[in-house]
Amino acid sequence: MYDPTVARLTYRALLGRRRAAILFVLPVLLVVIAVAVRTFAGSDDQVASDVLSGFAIATMVPLIGVIAGTGAIGPEIDDGSIVYLLSKPVKRPTIIFTKLIVAIAVTMVFSALPTLIAGLILNGNGQQIAVAYTIAALVASIAYSALFLLLGTVSRHAVVFGLVYALVWEALFGSLVPGARTLSVQQWSLAVAEKVGGSGAITSDVGLTTATVLLAAVTVVATWYAGQKLRTLKLAGEE
């Protein structure tokens, strides 16, 4: 299910000069914010939770997920270079699975690691806040990567749709409409963080069991459907 050649090509595409520069911006900004907050507000558990929840989980992780998930396959479909992979004796679900692994790895590195660093800066991991939000970033990275990889497979406007979901549905509707939070990767990941963090330090509108089931379901279904959609892409001359 994993092809090293596909992985190497995908890493090269995601970590090219322009895309890598974009990936670095948000993590650096998070760390800068953490340093500034710690300098002026001192060590405060609630402030640390607010920063990590409001910026790291609500903004940075989904945006990096959009870049990595859609970038793992979308550009290849747009410029036609996907034909090179489809012409090789590699099963199309294997291509999707390999690209998903790469997207997850990139998203985790550029989101979970900066979240841990920022959390340690903000309050030294008091009430396990830094670790809890790092775990939330890790599990969210998996679901976001699968979801946005699917978007990159089915639409030429995957980045736009991904941004709409991340910034409009989760950030806007999720904060205004309580029912929308149930269908939010952000809230699912916060449910995991709530279990890890100190009592009352982190809250989520979704129960842990529900969140775990939905995270797994979205990841599996999105990956499966992306593989099925890739099967429908026909090479020139194929019958």
Side-chain angles (χ1 to χ4, degrees), residues 1-3 6-7 9-11 13-14 19 22-23 57-86 90-112 136-171 173-174 180 182-189 206 210-235:
M1 290 296 293
Y2 181 85
D3 187 275
V6 174
L9 293 173
T10 307
Y11 275 118
L14 285 179
R19 190 166 279 111
I22 297 174
L23 286 170
I57 302 300
T59 303
M60 183 184 72
V61 180
L63 289 181
I64 291 176
V66 170
I67 296 170
T70 61
I73 195 169
E76 290 177 296
I77 293 177
D78 291 343
D79 63 21
S81 60
I82 191 70
V83 171
Y84 169 78
L85 287 180
L86 300 184
V90 181
K91 294 181 179 179
R92 298 185 185 189
T94 298
I95 295 174
I96 288 295
F97 183 77
T98 301
K99 288 182 173 294
L100 174 63
I101 294 300
V102 173
I104 289 173
V106 171
T107 305
M108 284 182 172
V109 168
F110 284 92
S111 62
L138 289 172
V139 297
S141 295
I142 299 173
Y144 280 130
S145 295
L147 183 61
F148 297 136
L149 180 65
L150 171 61
L151 285 178
T153 305
V154 302
S155 173
R156 291 181 177 274
H157 306 290
V159 174
V160 175
F161 290 133
L163 291 175
V164 168
Y165 175 80
L167 299 180
V168 178
W169 177 264
E170 292 211 339
F173 282 93
T182 305
L183 300 177
S184 167
V185 175
Q186 175 188 338
Q187 290 298 321
W188 304 342
S189 64
V206 182
T210 301
T212 303
V213 171
L214 290 173
L215 282 166
V218 164
T219 302
V220 171
V221 172
T223 304
W224 172 81
Y225 191 60
Q228 296 304 305
K229 293 300 292 183
L230 194 61
R231 288 178 184 271
T232 66
L233 289 179
K234 299 295 183 180
L235 298 176

Sequence neighbours excluded and cut-off under 3.5 Å, please list the side-chain donor-acceptor pairs for residues 217-228, or say none.
unit_1: Thr219; atom_1: OG1; unit_2: Leu215; atom_2: O; d: 2.8
unit_1: Thr223; atom_1: OG1; unit_2: Thr219; atom_2: O; d: 2.7

>> Using every non-hydrogen atom in the two residues, find where Ala137 and Val61 come nearest and quote the distance to one decimal.
In response: CB-CG2, 4.0 Å

> Ignoring hydrogens and geometry, is there a side-chain-to-backbone donor-acceptor pair from Lys99 to Ala72 under 3.5 Å?
Replying inline: yes

> If you round to the nearest 0.5 Å, how far is CD1 of Ile96 from CD1 of Ile101?
Replying inline: 12.0 Å

>> So which atom in Ala112 and which in Leu138 form the shortest heavy-atom distance, rounded to 0.1 Å?
In response: CB-CD2, 3.4 Å

> What is the distance from atom CD1 of Ile64 to atom OG1 of Thr59, rounded to the nearest 0.5 Å?
Replying inline: 10.5 Å

>> Quick check: closest heavy atoms across Thr153 and Leu230, and the distance to 0.1 Å?
In response: CG2-N, 4.1 Å

>> Test of understanding: with side chain to side chain contact (heavy atoms under 4.5 Å, CB included), list the residues that count as partners of Ile77, not counting sequence neighbours.
In response: Ile73, Ile82, Leu233

>> For Leu9, give me all partners under side chain to side chain contact (heavy atoms under 4.5 Å, CB included), at least two apart in sequence or on another chain.
In response: Thr5, Arg12, Tyr84, Leu85

> If you look at every heavy atom in Ala103 and Leu14, which pair is closest and at what distance?
Replying inline: CA-CD1, 4.4 Å

> Which atom names give the shortest non-hydrogen contact between Thr107 and Ser145, and what distance separates them?
Replying inline: OG1-OG, 3.3 Å

>> Looking at every heavy atom in both Val106 and Ala68, which two are closest together, and how far apart are they?
In response: CG1-CB, 4.2 Å

> How would you list, by chain and number, every residue that makes a side chain to side chain contact (heavy atoms under 4.5 Å, CB included) with Thr94, sequence neighbours excluded?
Replying inline: Met1, Asp3, Val90, Lys91, Thr98

>> Donor-acceptor pair, distance only, cut-off 3.5 Å: does the side chain of Arg231 make one with the backbone of Arg92?
In response: no

>> Donor-acceptor pair, distance only, cut-off 3.5 Å: does the side chain of Trp188 make one with the backbone of Ala143?
In response: no

> So Leu100 and Ile142, side chain to side chain contact (heavy atoms under 4.5 Å, CB included) or not? Walk me through it.
Replying inline: CA-CA 8 Å; Leu100 174 63; Ile142 299 173; over 6 Å; no

> Is there a donor-acceptor pair closer than 3.5 Å between any side-chain N or O of Thr10 and the backbone N or O of Val6?
Replying inline: yes

> Among all residues two or more places apart in sequence or in another chain, which pass the side chain to side chain contact (heavy atoms under 4.5 Å, CB included) test with Tyr165?
Replying inline: Tyr144, Leu147, Phe148, Trp169, Glu170, Val185

> Atom CG of Leu214 and atom CD of Gln187: how far apart are they, to the nearest 0.5 Å?
Replying inline: 12.0 Å

>> By the salt bridge (Lys or Arg N to Asp or Glu O under 4.0 Å) test, which pairs, at least two apart or in different chains, include something from residues 141-167?
In response: Asp78-Arg156

